[in-house]
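Below: the structure, in structure tokens.
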Protein chains: 2
Amino acid sequence: MDLWETFATNLRRLRNVRRWSQGELAYEARISRSYLSKLEKGAYYVSIKIIGRLANKLDVEPAELLKRSSNRG
Amino acid sequence: MDLWETFATNLRRLRNVRRWSQGELAYEARISRSYLSKLEKGAYYVSIKIIGRLANKLDVEPAELLKRSSNRG
């Protein structure tokens with residue numbers, strides 16, 4: 001799985017855990033909903049700045065968003 | 001410590017562990033030496049693509065580059 005897919009998957013998972021809509025997370029992280037939607041589909045060019053802002057709002061360490069899941073069991 | 005500082009610090013540390021010059025790592029990761037130099041000083045706009053490429057060459061998980069050191073002892 002490529003890194004941007006990993007990021008996209010983690011982003012969707014962590015947002016769903018919090019039961020936030022894309023609109024809610026986008027508002028909190030001060031990005032547009034359509035940009036968040038693209039990120040969750042796997043965008044190439046997300047910057048470290050946006051990674052940091054999303055992690056902050058999702059209340060996880062930024063590294064968490066890049067972590068590959070070690071299993072799916 | 002801001003996320004880009006964390007990234008910059010980890011990048012320098014991991015490169016030094018491997019005893020690579022900036023030129024060597026830049027060449028391997030297919031970025032310019034001057035851009036790598038900026039990244040190691042703490043650049044704002046490093047993308048997930050570059051994070052992935054550097055991690056690959058440094059032989060670490062991408063998440064490793066965003067991890068805050070928990071202690072300095």
Side-chain angles (χ1 to χ4, degrees), chain A residues 1-18 20 22 24-73, chain B residues 1-18 20 22 24-73:
Chain A
M1 196 189 272
D2 280 320
L3 187 55
W4 53 95
E5 283 181 80
T6 301
F7 173 77
T9 305
N10 287 335
L11 190 54
R12 280 196 309 274
R13 180 175 51 77
L14 290 166
R15 178 175 61 74
N16 287 327
V17 164
R18 276 154 193 77
W20 277 357
Q22 287 189 337
E24 285 167 313
L25 177 57
Y27 176 81
E28 289 290 332
R30 290 174 291 130
I31 60 179
S32 72
R33 202 203 61 80
S34 71
Y35 181 51
L36 178 60
S37 167
K38 279 178 201 151
L39 291 184
E40 291 196 355
K41 283 174 190 154
Y44 223 80
Y45 287 109
V46 58
S47 71
I48 203 168
K49 180 184 168 183
I50 300 292
I51 294 173
R53 224 191 268 169
L54 287 166
N56 183 39
K57 292 302 171 183
L58 291 167
D59 200 24
V60 295
E61 286 296 308
E64 204 62 38
L65 286 168
L66 299 189
K67 259 186 209 153
R68 295 183 179 100
S69 59
S70 46
N71 66 62
R72 297 180 170 277
Chain B
M1 198 190 270
D2 280 322
L3 187 55
W4 52 96
E5 282 181 82
T6 301
F7 173 77
T9 305
N10 287 335
L11 190 54
R12 280 197 308 274
R13 180 174 51 79
L14 291 165
R15 179 175 59 76
N16 286 327
V17 163
R18 276 154 193 76
W20 277 357
Q22 287 188 337
E24 285 166 315
L25 176 56
Y27 176 81
E28 289 291 332
R30 291 175 290 129
I31 60 178
S32 72
R33 202 203 60 79
S34 70
Y35 181 50
L36 178 60
S37 168
K38 279 177 200 151
L39 291 184
E40 292 196 354
K41 284 174 190 155
Y44 223 81
Y45 287 109
V46 58
S47 71
I48 204 166
K49 180 184 169 185
I50 300 291
I51 293 174
R53 223 192 267 169
L54 288 165
N56 183 39
K57 292 303 170 182
L58 290 167
D59 200 26
V60 295
E61 286 295 310
E64 204 62 40
L65 285 169
L66 300 190
K67 260 186 207 155
R68 295 184 179 100
S69 59
S70 46
N71 64 62
R72 297 178 170 276

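A note on names: the letters A, B, ... follow the listed sequences, proteins ahead of strands, and every chain is numbered from 1.
When each of B/Glu61, B/Glu64, B/Lys67 is scored by its heavy-atom pairs under 4.5 Å with chain A, the top score falls to B/Glu61.
Between the CD1 atom of B/Ile51 and the OG atom of A/Ser47 there is a distance of 8.5 Å, given to the nearest 0.5 Å. Note that CZ of B/Phe7 is 5.5 Å distant from CD1 of A/Ile48, once rounded to the nearest 0.5 Å.
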Let me have the donor-acceptor pairs involving side chains of residues 26-33 of chain A, under 3.5 Å, with sequence neighbours excluded, atom names and distances please.
{"from": "A/Ser32", "atom 1": "OG", "to": "A/Ser34", "atom 2": "OG", "distance (Å)": "3.4"}
{"from": "A/Ser32", "atom 1": "OG", "to": "A/Tyr35", "atom 2": "N", "distance (Å)": "3.1"}
{"from": "A/Arg33", "atom 1": "NH1", "to": "A/Gln22", "atom 2": "OE1", "distance (Å)": "2.6"}

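Every residue was checked against the side chain to side chain donor-acceptor pair (under 3.5 Å) condition with B/Arg12, not counting sequence neighbours, and none meets it.
Contact record, A/Pro62 with B/Leu66: O-CD1, 4.0 Å, taken as the closest heavy-atom pair.
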